[in-house]
Amino acid sequence: MGIDITKMRNIGISAHIDSGKTTLSERILFYCDKIHAIHEVRGKDGVGATMDHMELERERGITIQSAATQVEWKEHTINLIDTPGHVDFTIEVERSLRVLDGAILVLCAVGGVQSQSITVDRQLKRYHVPRIAFINKCDRTGANPFKVKIQLREKLGLNAVLIQIPIGLEDKLEGVVDLITMKAMYFDGDQGTEIRYAEIPAHLKADAEKYREELIDAVSLFSDELAEHYLSGEAVPEDMIRVAIRKGTLAEQFVPVMVGSAYKNKGIQALLDGVNNYLPNPTEVKNYALDLDHNEEQKELSCDDKSPCVALGFKLEDGQYGQLTYVRIYQGALKKGDELINTRARKRFKVGRLVRMHSDDMEDITEGAPGDIVALFGVDCASGDTFCGSSINYAMTSMYVPEPVISLA
Ligand code: GDP
């Protein structure tokens with residue numbers, strides 16, 4: 001049962017405190033795992049009862065704090081990695097950023113870019129983490145996502161461009177206009193689970209055209225094919241726009257800006273589509289290790305299951321079942337029963353219990369795929385240790401990236 005690595009996303013949510021990171025994380029778990037959770041309960045009591053919303057919330061609370069939680073969204077596997085809210089470059093921040101391949105930068109539609117947004121964005125830039133910006137709280141009085149987009153450009157120096165505009169703002173927020181499909185998207189029902197696509201409301205048509213033009217103009221830089229269509233006045237196909245956005249985002253030359261409200265359940269499913277569409281899969285990110293047997297030569301790791309395993313223990317957790325070590329697998333597969341070596345401690349160990357964390361349960365597995373994040377039980381190690389298949393002796397390199405030298409000439 002092979003996992004399709006190209007459909008895997010390892011992402012973090014970075015935010016200024018109070019911008020809604022926790023609420024957004026909860027909603028993501030809710031939308032991705034809802035069916036799964038209801039199904040589980042049915043199985044347990046056998047009478048077909050379903051969990052009410054509060055029960056679901058409580059269950060989710062248990063693992064929302066876990067270092068990495070796996071969810072499924074439209075045939076994609078998303079590992080949500082907890083990024084510590086520290087404002088400085090501690091080793092803990094470094095490790096959590098190292099295991100991310102992409103991020104959602106959350107901003108408040110009222111507060112906009114604040115000092116801590118500048119810090120977290122600097123961290124993402126320093127570790128070359130491509131990102132989507134999500135302007136949250138569009139339902140709040142004073143919300144102005146258009147102004148926040150300008151701040152992203154001016155204060156953070158990002159090539160940030162709206163790929164959606166809101167339908168209504170403040171207490172009139174109803175949904176979003178998708179500037180790629182040029183369709184309105186409404187999130188109906190108590191929990192926004194009923195998605196309704198419709199024509200763009202008449203009063204927003206001119207704005208939608210204007211912002212779409214801005215988007216296509218900006219991404220034409222990343223695709224010659226798109227630029228040709230655009231210049232010749234031909235209609236630009238939706239997929240061509242998506243591919244160009246993805247290319248620009250992965251190259252860190254573009255930041256797609258999405259809008260909504262986590263609290264009012266508006267826009268989250270579209271944001272998850274954005275994660276699948278625009279953030280990288282593990283094969284699209286370069287990772288390196290030092291070969292300790294060959295003068296610490298730098299080796300590029302290969303995200304495939306044929307090469308010997310290289311994994312990084314990035315977080316230790318004392319849980320009710322003993323010490324849990326979260327690992328990101330960078331190369332090869334990691335299998336139960338394998339013998340691995342902790343290359344710092346020079347200790348060999350056998351992979352015992354191997355698990356994956358979901359929002360409401362812990363699943364025992366026999367194998368982790370390259371690129372994936374899993375947790376091991378009972379491994380004596382320190383955070384930051386590298387585990388390798390016994391034929392190699394690598395250490396994951398430090399991510400320290402020197403500050404750019406600014407020329408005054
Ligand atoms: P965090 O500090 O970034 O994790 O933010 P929280 O998720 O804890 O949210 C901070 C406060 O903002 C809480 O009172 C939330 O209920 C509220 N909040 C979060 N998202 C939204 C939103 O989309 N709209 C509004 N109006 N409030 C929100």
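We're numbering straight along the sequence, starting at 1. Indexing begins at 1, ligand by ligand and atom by atom, following the structure's order. For the numbers below, each heavy atom of this structure counts, side chains included, while hydrogens, waters and symmetry mates do not.
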* Considering only NZ, NE, NH1 and NH2 on the basic side and carboxylate oxygens on the acidic side, decide whether R353 and D364 come within less than 4.0 Å. => yes
Residues at least two apart in sequence or cross-chain that pass ring pair (Phe, Tyr, Trp, His ring centres under 6.0 Å) with F387, listed by chain then number, are F349
Q | Donor-acceptor pair, side chain of D338 and main chain of L340, under 3.5 angstrom | A | no
Q. Side chains of R356 and N79: do they bring a donor and an acceptor to under 3.5 Å?
A. no
Distance filter under 4.0 Å, heavy atoms only, around ligand 1 gives H16, I17, D18, S19, G20, K21, T22, T23, N136, K137, D139, R140, S261, A262, Y263
Is any side-chain heavy atom of K335 less than 4.5 Å from a side-chain heavy atom of C309?
no
For Y330, does the six-membered ring have the charged nitrogen or CZ of R328 within the cation-pi criterion, i.e. under 6.0 angstrom from the centroid and within 45° of the normal? yes
